[in-house]
Amino acid sequence: MIRGERGPVRGEIVVGVEDSPDCAPALAYAFEQARLRGSTVRAVHGWQLPVHVYSPGFVYDLDDIKNRQLKAVTETIIAVRKEHPDVIVVEDVRQQHPVEALTEASKQADLVVVGSHGANALERALLGSVSRGVLHHAHCPVAVVPIA
């Protein structure tokens, strides 16, 4: 499913990246769109600190957490990068909610690609939905790719 109106060509495809292989279909679609359009892929991963880190006495290394998030993105996209060696990739890891990170990145993009787990209505109501949030707030067309 794709929604949104085309604007001026910016030469960038944004794709949401989870630290899991589940996002492979969305990555494949984004890289293929970038190849066809001669665009750059911006692989965006938004993350937040878990609530428990704000507990008294809990010590964490923010730089270490950021580095682990970047490493997870790099490992997640390695296979699709090998399949599309001519596509330029920007790995963009942000300490933001994924919807906010993707919406912000969409301001400079021709297309945002997100995966959808196809969760049932109850799960979407309780957990929220990144794909639904991006569909409502993105500043460019959005492609939602089903994840099996």
Working to the nearest 0.5 Å, report the span between CD of E12 and CZ of R42.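 Here the interatomic distance stands at 4.0 Å.
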
Distance check, rounded to the nearest 0.5 Å: Q48 atom CD versus E100 atom CD?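 With rounding to 0.5 Å, CD (Q48) is 7.0 Å from CD (E100).
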
Given side chains that start at C-beta, do those of [X] and [Y] come closer than 4.5 Å, heavy atoms only?
| X | Y | answer |
| --- | --- | --- |
| V15 | Y29 | no |
| R94 | E104 | yes |
| E91 | H45 | no |
| V144 | S116 | yes |

Report, as yes or no, whether the 6.0 Å neighbourhood of atom CD1 on I88 holds more than 12 heavy atoms from other residues, nucleotides or ligands.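 At most 12 heavy atoms, drawn from other residues, nucleotides or ligands, come within 6.0 Å of this atom.
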
Show, in sequence, the C-alpha distance, side-chain angles and deciding distance for H84 and E32, and conclude whether the side-chain contact (heavy atoms from CB on, under 4.5 Å) test is met. CA-CA 8 Å; H84 299 279; E32 183 60 16; 3.3 Å; yes

Testing the basics here: between [X] and [Y], what is the closest heavy-atom pair and its distance to 0.1 Å?
| X | Y | answer |
| --- | --- | --- |
| G46 | A101 | CA-CB, 4.0 Å |
| I78 | E75 | CG2-O, 3.3 Å |
| V14 | A109 | CG2-CB, 3.5 Å |
| S129 | R132 | OG-N, 3.1 Å |
| S20 | T76 | O-CG2, 3.6 Å |
| V99 | V134 | CG1-N, 4.1 Å |

Please enumerate all residues that pass side-chain contact (heavy atoms from CB on, under 4.5 Å) together with [X], with sequence neighbours excluded.
| X | answer |
| --- | --- |
| S39 | I13, A34, R37, D110 |
| D61 | D63, D64 |
| L62 | W47, L49, Y60, K66, Q95 |

Is it true that I65 and L70 fall in one hydrophobic cluster, defined by side-chain heavy atoms closer than 4.5 Å?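 Yes, I65 and L70 fall within the same hydrophobic cluster.
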
Any donor-acceptor N/O pair, S106 side chain to H139 backbone, under 3.5 Å: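 Side chain of S106 to backbone of H139, a donor-acceptor pair under 3.5 Å: yes, one is there.
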
